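I have placed the structure first, in the form of structure tokens, so that the comments after it can refer back to it.
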Amino acid sequence: MRIEEFVSIFGDTFFTGVPDSQLKALCDYLMDTVGLDPKRHVIAANEGNCAALAAGYHLATGRTPVVYMQNSGQGNVVNPIASLLSDRVYGIPVLFVVGWRGQPGVHDEPQHVHQGAVTLRLFEDLDIPTFVIDADTTADALRRQMDDWAGWLAGGHQAALIVGKGGLQYSGKTVYRNDFQMTREQAIEHIIAATGSDPVISTTGKASRELFELRERHRQGHRWDFLTVGSMGHSSSIALGMALQKPAQRVWCLDGDGAALMHMGAMAVIGAYKPSNLIHVVLNNQAHETVGGMPTVAGKIDLPGIARACGYPWAASVDAPDALERALEEAKGRGELCLLEVKCALGARADLGRPTTSPQENKRGFMACFAAAE
């Protein structure tokens with residue numbers, strides 16, 4: 001279905017969401033047509049944030065908003081659906097548009113397989129009817145479904161459009177960029193030169209893919225790295241859990257700006273415990289690059305200032321290789337909790353691959369490496 005037809009069916013409404021590669025046509029179309037007009041479109045920090053924004057829009061206008069998200073975000077949105085939007089509570093209508101990663105019968109990455117299998121069932125358990133949009137779904141079929149749902153939504157319920165692979169198409173060529181020169185891969189190469197044989201917990205997306213390929217290129221093996229291929233926003237908490245249990249071992253977290261924003265409360269917990277053996281690196285390209293490049297709000301906030309306010313004793317920001325090397329050495333020498341923001345260009349190699357080991361192989365190798373070191 002052409003994205004222009006898809007959006008026209010909803011009329012004049014408000015969109016909020018977390019970007020998804022399966023919904024790239026929708027994301028790019030919104031950026032090209034309404035941009036970030038706050039009355040029409042807001043890119044949120046996480047899916048629960050989206051649901052609350054949508055609720056505010058409905059309270060202000062009486063209209064039904066649209067929340068777009070990847071199905072991996074269902075866990076983030078269950079609470080506001082059940083305790084805020086539900087007709088048993090406030091009865092706030094919302095139309096969800098959900099990218100179906102891990103759709104049964106469609107090859108996908110391992111972190112999406114379980115979520116994909118339970119996607120429809122989770123909505124069913126929440127009393128949310130679904131309609132699947134695939135490459136063959138017509139605009140007329142969607143209009144008929146929306147007509148069928150009109151009374152349901154008007155009664156304060158929710159519904160979900162589940163978008164499979166190829167379900168939406170857009171011919172536009174949306175370009176995302178920032179003004180930084182150092183690539184994320186260049187930054188990671190400097191970082192792993194500094195980490196040595198320390199454990200590295202890396203965030204989901206291209207950062208972990210680049211880390212994996214850099215280790216391959218340098219023939220270093222992967223025993224020092226835990227690649228957090230799913231659970232966006234939680235790599236820093238994984239790193240905290242490890243740092244607290246191994247206080248004599250320096251631990252690095254290789255985070256992303258979108259991930260850090262998604263569950264920023266983790267920084268407050270890290271800052272409260274102040275593990276002196278944790279170095280938290282946030283690779284900030286101000287974008288959700290792995291799923292298409294839509295902007296985050298990380299270009300409008302002071303990440304080191306937030307870290308200091310959360311209790312991190314030291315925090316800094318760099319945007320060039322020489323400054324990065326100096327900051328890495330300083331962080332290593334301080335012997336206290338540190339945060340380092342690394343501002344990076346948006347973009348990755350066209351031939352960037354994916355890890356060739358399974359998540360469980362990664363876990364076993366990582367655990368064995370550090371068990372042997374004790």
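All values below come from the heavy atoms of this structure, side chains included, with hydrogens, waters and symmetry mates left out. Quick caveat: nothing in here was measured; it's all calculated off a predicted structure.
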Next item on the list: Decide side-chain hydrogen bond (donor to acceptor under 3.5 Å, both in side chains) for Y176 and H288; before the verdict, give the C-alpha distance in whole Å, the side-chain angles of both, and the deciding distance to 0.1 Å.
Entry: CA-CA 10 Å; Y176 301 102; H288 289 284; over 6 Å; no

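- Atoms SG and CZ, from C50 and F15 in turn, are 13.0 Å apart once rounded to the nearest 0.5 Å.
- Here the closest heavy-atom approach between residue V251 and residue A239 is recorded as CG1-O, 3.9 Å.
- Between atom CG of residue L339 and atom CE of residue M267 there is a gap of 5.0 Å, rounded to the nearest 0.5 Å.
- H58 places a side-chain N or O within donor-acceptor distance of the main-chain N or O of R63, the cut-off being under 3.5 Å.
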Margin query: Assess the residue pair F6 and T137 against the criterion (side chain to side chain contact (heavy atoms under 4.5 Å, CB included)); give the C-alpha distance rounded to whole Å, side-chain angles, the decisive distance to 0.1 Å, and a yes or no.
Written below: CA-CA 11 Å; F6 178 80; T137 304; over 6 Å; no

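- Between F226 and P199, the closest side-chain pair of non-hydrogen atoms is not below 4.5 Å.
- Hydrophobic clustering of Ile, Leu, Val, Met, Phe, Trp and Tyr side chains at less than 4.5 Å, counting indirect connections, keeps L95 apart from W152.
- A 4.5 Å side-chain heavy-atom check between T357 and F212 finds at least one atom pair inside the cut-off.
- Surrounding NE2 of H218 are more than 12 heavy atoms belonging to other residues, nucleotides or ligands, all under 6.0 Å away.
- Aromatic ring orientation, H234 versus H263: parallel (interplanar angle below 30°, classes split at 30° and 60°).
- Considering every non-hydrogen atom in both L85 and Q158, the closest pair reads O-NE2, 3.0 Å.
- In this structure, V97 and L23 approach most closely via the heavy-atom pair O-CD1, 3.6 Å.
- Grouping the Ile, Leu, Val, Met, Phe, Trp and Tyr side chains by contacts below 4.5 angstrom, directly or via other members, places L84 with F123.
- Looking at heavy atoms from C-beta onward, I270 lies out of side-chain contact with C310 at the 4.5 angstrom threshold.
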Check: Could you go step by step and tell me if K332 and E329 meet the side chain to side chain contact (heavy atoms under 4.5 Å, CB included) rule?
Finding: CA-CA 5 Å; K332 287 171 64 176; E329 289 306 309; 3.9 Å; yes

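- Cluster partners of F14, using a side-chain heavy-atom cutoff of under 4.5 Å among ILVMFWY residues and allowing indirect links, are V42, L53, Y57.
- More than 12 heavy atoms of other residues, nucleotides or ligands shown are found within 6.0 angstrom of CZ on R308.
- For the pair K246 (side chain) and A243 (backbone), a donor-acceptor distance under 3.5 Å is absent.
- Side chain of S235 to backbone of I201: no donor-acceptor contact under 3.5 angstrom is found.
- The minimum heavy-atom distance between G241 and Q245, with the atom names listed, is O-CG, 3.3 Å.
- Note: F131 and W149 have perpendicular aromatic rings, judged against thresholds of 30 and 60 degrees for the angle between ring planes.
- A salt bridge is defined here as a Lys NZ or Arg NE, NH1 or NH2 lying under 4.0 Å from an Asp or Glu carboxylate O, and D147 with R144 fails to meet this definition.
- In this structure, the side chain of S208 engages the main chain of T203 through a donor-acceptor pair within 3.5 Å.
- Using modelled atom types, one side-chain atom of Q115 and one backbone atom of N71 make a donor-acceptor pair closer than 3.5 Å.
- Salt bridge present: R334 and E330 bring a charged side-chain N and a carboxylate O closer than 4.0 Å.
- In this structure a side-chain-to-backbone donor-acceptor pair under 3.5 Å is present from Q74 to T119.
- In this structure, S86 contributes its side chain and I81 its backbone to no donor-acceptor pair below 3.5 Å.
- The neighbour count for Q220 CD, taken as heavy atoms of other residues, nucleotides or ligands under 6.0 Å away, is above 12.
- Counting only heavy atoms from C-beta outward, the side chains of M31 and P295 approach each other to under 4.5 Å.
- The distance from atom CD1 of I192 to atom CG of D198, rounded to the nearest 0.5 Å, is 12.5 Å.
- Side-chain contact between H41 and T16 is absent, with no heavy-atom pair separated by less than 4.5 Å.
- Within a 6.0 Å radius of CZ in R88, no more than 12 heavy atoms belonging to other residues, nucleotides or ligands are found.
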Next item on the list: Carefully, step by step, assess T290 and T204 under the rule side chain to side chain contact (heavy atoms under 4.5 Å, CB included).
Entry: CA-CA 9 Å; T290 297; T204 188; over 6 Å; no

Check: Given F10 and L161, is the side chain to side chain contact (heavy atoms under 4.5 Å, CB included) satisfied, shown in steps?
Finding: CA-CA 12 Å; F10 310 132; L161 301 174; 3.7 Å; yes

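- Side chain to side chain, E341 and N284 meet the donor-acceptor criterion of an N or O pair below 3.5 Å.
- Atom CG of D257 is separated from atom CD1 of I301 by 8.5 Å, given to the nearest 0.5 angstrom.
- Counting only heavy atoms from C-beta outward, the side chains of L324 and L340 approach each other to under 4.5 Å.
- F96 places a side-chain heavy atom less than 4.5 Å from the side chain of V77.
- Under the salt bridge (charged side-chain N to carboxylate O under 4.0 Å, His left out) criterion, the residue pairs touching residues 281-296 are R184-E289, K206-E289, with sequence neighbours excluded.
- Here N362 contributes atom CG and D225 contributes atom CG; the two are 7.5 Å apart, rounded to the nearest 0.5 Å.
- Taking the charged nitrogens against the carboxylate oxygens, D108 and K165 have no contact shorter than 4.0 Å, which rules out a salt bridge.
- When atom types are taken as modelled, the side chain of R223 and the backbone of G365 share no donor-acceptor pair closer than 3.5 angstrom.
- A pairwise comparison of heavy atoms in M262 and N46 identifies O-ND2, 2.8 Å as the closest pair.
- Linking ILVMFWY side-chain heavy atoms closer than 4.5 Å, directly or via other members, places L120 and V78 in a single hydrophobic cluster.
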Next item on the list: List the steps, then state whether side-chain hydrogen bond (donor to acceptor under 3.5 Å, both in side chains) holds for H280 with D255.
Entry: CA-CA 7 Å; H280 187 180; D255 213 347; 2.8 Å; yes

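- Side-chain contact check for M182 versus V342: some heavy-atom pair is nearer than 4.5 Å.
- Note: the hydrophobic cluster containing I188 also contains V281 (ILVMFWY, side chain heavy atoms under 4.5 Å, direct or indirect links).
- When all heavy atoms are compared, the tightest approach of G73 to M69 is C-CE, 3.4 Å.
- In the hydrophobic clustering of this structure, V98 does not group with M146; members are Ile, Leu, Val, Met, Phe, Trp, Tyr whose side-chain heavy atoms approach within less than 4.5 Å, directly or through other members.
- Contact check on E185 versus R217 returns a salt bridge, with a Lys/Arg side-chain nitrogen under 4.0 Å from an Asp/Glu carboxylate oxygen.
- Under the 3.5 Å distance criterion, the side-chain polar atoms of Q111 are matched with a main-chain donor or acceptor of V229.
- Here Q70 contributes atom CD and D20 contributes atom CG; the two are 4.0 Å apart, rounded to the nearest 0.5 Å.
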